[in-house]
Amino acid sequence: MNAADSSEDALYRTRHSLAHVLAQAVLDMRPGTTLGFGPPIADGFYYDFILSEPITEDDFPALEQRMRRILKKGQRFYREDLPVADAFARLDEMHEPYKREYAAELVDKNSLPSLSFYRNGPFLDMCEGPHVDTTRDIPRDAFKLRSVAGAYWRGDADNVMMTRIYAWAFADKASLDAAVSAYELAQERDHKKLGRELDLFLIDDDVGRGLPLWLPHGTVIRDELEKLAVELEFKAGYERVATPHIAKADLYDRTGHLAHYKDSMYPPMEVIEESADGESVRETYMLRPMNCPHHHKIYASRLRSYRDLPLRLAEYGDVYRWEASGAVSGLARVRGMSMNDAHIYCTEDQVKDVFKEVISQYDEAYRILGLNDYGIRLSRWDPDDPKGREKYVDAPEAWRRTEQIIAELLAEMNIDYEDAPGEAAFYGPKIDVQFHTVTGRDETVSTVQLDFAVPPRLGLTYVGPDGAEHTPYCVHRAPFSTHERFTAFLIEHFGGAFPTWLAPVQVQVLTVSAQFGAYAREIVDRLRGRFVRAELASESDTVSKKVRDGTTRKIPNLLIVGEREVADRTVTLRRYGVKQQTTMPLDTFEAALGKTIAMRSLTFEL
RNA sequence: GCUCACAUAGCUCAGUCGGUAGAGCACUUCCUUGGUAAGGAAGAGGUCAUCGGUUCGAAUCCGAUUGUGAGCACCA
């Protein structure tokens, strides 16, 4: 074990032991409380309780004080291994039904002969360890209770909801302070906050929860992303289609959406239509939760040959999903969204190449945006999931086969991935790209999915070289996710300071005094004539005020013009976040700006 | 959906013990034409989320509803 490992290990022990100290303090403060789990996590630890009396964040100072007192006491951690029967008896005696339930399962699954307990002071917990030697080994100023939240026992919504207390914990005070201030800084980049400050989007109760209204500045970002996506797709041979936002319920019955996805769909719309013979016919329409059925119908509209494959149909399609009320949040999780969708129909032999082609397009998109903090997840079905038949198409052999194809191609591409059973789409396995957001969450952004289930249900076929009909696979992909989630992610990634090509206002021209307005307006007109989003700052403010406003609005390029600039036909460029300014001929600036935008550069290309 | 918290002007927030609301920014008008992060003055702007209860009297106390936030579950 090297030094880094052992310090990691020490921190793990500290966090784990602090969890026990928290539990001891909570039991002391709220006698009769029942314990759940209390593990260390990335930046600290948590412990789950069923509290005899509620605890709120107002109780944190008192709780922390109790914890510090325990640390000061120097309680020694003792490990004790009990034969299974004794362990069960002890847990019964402790009135810890949840620990008892878990113990039984542990023993059952791993056929354990004994279970370990740790005791420190009056506190006893079934636990694998390891722990510190004594609570005096834990620094008293390097932890901080963070929040109280609900969490289901064993992460299952069918179970009881416990109260979870989260805490930060580090090796020393400096690390704790650094983590807390990093967290507070990240909160400043929250897309909901920046979205309001930068006038990007709006959510209005009269329209509905999770149904954002894109303001002019937000729409610029949306349009620029879409333009980029359309260009990348054009180069890769995608053909664009456009399809309606609703379809008859029967279509979703046939695709399997009603069987597996109904809870995520808005309820049906009933209408009365008149048939050809004058009869009234009830018809049911539904808002679409996915674009694929519509695209499948386009595929099915004519006889396809293997020579046509892969066939790539693309659409930035609007879809609607009835997301759980508690899940809806800003632009990151919405109920109406515009998806960077495409469906690639191909033969089984082509699947790997199609995936590889798609993944290389993802790389290209991420390179342009400067994104590199992400992990790859292979999302599979979970054969052990008792709810498997509700969640997934029941076709074990097809799952096995398609999951293997994806695992193989990931190996061939030397891509490390996290294996995630139970995260598949209902119609097939997928590769999810999990981005780490600056606000500390992991979020699925892009996805590539292999659909073996729906094409046969809708009778999609192609004629193979053998003259017989075969069923194609369908690869669903969405590198830019949805406009909503992707924009939320980018707002936080760039902290609202977008690169010039994406910025809602690319250039703002500020005059030193109104008498230079004619030159400033000439610059704005010239730039706008070249489709640059340029605007003139208010003429009645002071230069300082204009600089401040432009900076607060995170405009990437401020151009200052005064007497000198007018005389020399130059501009003084003040880049966002850059103190040093550059004065250059207007023509030079214009050419450099054109290049910066055309290349979608993250910096300014002089 | 679940647990907890929160809801005052467009935004950020004060509002003490229950006595019918205040600031800064933004907005409008006027003055100021100023070389790098807030020039000055005046004005307008509120059914204190909604509904109900307690009270002589509710932004304030209680309940319900709606919405928002954190987390869980679910997910692009």
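Remember, predicted model here, so these are calculated numbers, not experimental data. Just so you know, these numbers use all the heavy atoms, side chains as well, and skip hydrogens, waters and symmetry mates. By convention in this document, chain letters (A, B, ...) are assigned in the order of the sequence lines, proteins followed by strands, and residues within each chain are numbered from 1.
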Considering Watson-Crick and G-U wobble pairs with both distances under 3.5 Å, what does [N] pair with?
{"N": "B:G35", "result": "none"}
{"N": "B:A41", "result": "B:U29"}
{"N": "B:A59", "result": "none"}
{"N": "B:U54", "result": "none"}
{"N": "B:G24", "result": "B:C11"}
{"N": "B:C2", "result": "B:G71"}

Can you tell me how far [atom1] in [N] sits from the matching atom in [M], rounded to whole Å?
{"N": "B:C25", "M": "B:U66", "atom1": "P", "result": "38 Å"}
{"N": "B:A23", "M": "B:C74", "atom1": "P", "result": "50 Å"}
{"N": "B:C72", "M": "B:G19", "atom1": "C1'", "result": "44 Å"}
{"N": "B:G67", "M": "B:C51", "atom1": "C1'", "result": "15 Å"}
{"N": "B:G71", "M": "B:A58", "atom1": "C1'", "result": "33 Å"}
{"N": "B:G52", "M": "B:U47", "atom1": "C1'", "result": "16 Å"}
{"N": "B:U20", "M": "B:G15", "atom1": "C1'", "result": "14 Å"}

If you measure from the Lys or Arg side-chain nitrogens to the Asp or Glu carboxylate oxygens, is any gap between [X] and [Y] under 4.0 Å?
{"X": "A:Glu323", "Y": "A:Arg333", "answer": "yes"}
{"X": "A:Glu423", "Y": "A:Lys391", "answer": "no"}
{"X": "A:Lys430", "Y": "A:Glu403", "answer": "no"}

Distance in angstrom units between [X] [atom1] and [N] [atom2], rounded:
{"X": "A:Asp199", "N": "B:C11", "atom1": "CG", "atom2": "C1'", "result": "10 Å"}
{"X": "A:Arg564", "N": "B:G35", "atom1": "CZ", "atom2": "C1'", "result": "6 Å"}
{"X": "A:Lys545", "N": "B:G40", "atom1": "NZ", "atom2": "C1'", "result": "12 Å"}
{"X": "A:Glu197", "N": "B:A37", "atom1": "CD", "atom2": "C1'", "result": "16 Å"}

Please pick, from [options], the nucleotide with the shortest atom-to-atom distance to any side-chain atom of [X].
{"X": "A:Arg574", "options": "B:U33, B:U36, B:G35", "result": "B:U36"}
{"X": "A:Thr56", "options": "B:C4, B:C11, B:G35", "result": "B:C4"}
{"X": "A:Ile560", "options": "B:A37, B:G35, B:G39", "result": "B:G35"}

If only atom types and distance count, is the side chain of A:Arg189 paired as donor or acceptor with the main-chain N or O of A:Glu492 below 3.5 Å?
yes
A:Asp451 side chain vs A:Gly428 backbone, donor-acceptor pair below 3.5 Å
no
Starting from the 5' end of RNA chain B, give me the residue, A:Ala514 or A:Thr163, whose nearest nucleotide shows up first.
A:Thr163
With nearest nucleotide decided by heavy atoms, which residue, A:Tyr576 or A:Pro54, maps closer to the 5′ end of RNA chain B?
A:Pro54
Are A:Tyr374 and A:Tyr366 an aromatic pair by the rule of ring centers under 6.0 Å?
yes
Assign the ring pair A:Tyr316 / A:His483 to parallel, tilted or perpendicular, where the plane angle (0 to 90°) is split at 30° and 60°.
parallel
Once you apply a heavy-atom cut-off of 4.0 Å, does [X] come out as touching a base, just sugar-phosphate, or nothing?
{"X": "A:Thr542", "result": "base"}
{"X": "A:Asp541", "result": "base"}
{"X": "A:Glu539", "result": "base"}

A:Lys546: partners by salt bridge (Lys or Arg N to Asp or Glu O under 4.0 Å), with sequence neighbours left out
none
Treat primed atoms plus P, OP1 and OP2 as sugar-phosphate and everything else as base, then score nucleotides 63-76 of chain B 5' to 3': B for base contact with protein heavy atoms under 4.0 Å, S for sugar-phosphate contact only, - for none.
----SSSSBBBBBB
With a distance cut-off below 6.0 Å to the six-membered ring centre and an angular limit of 45° from the axis, does A:Arg15 pair with A:Phe170 as a cation-pi contact?
yes
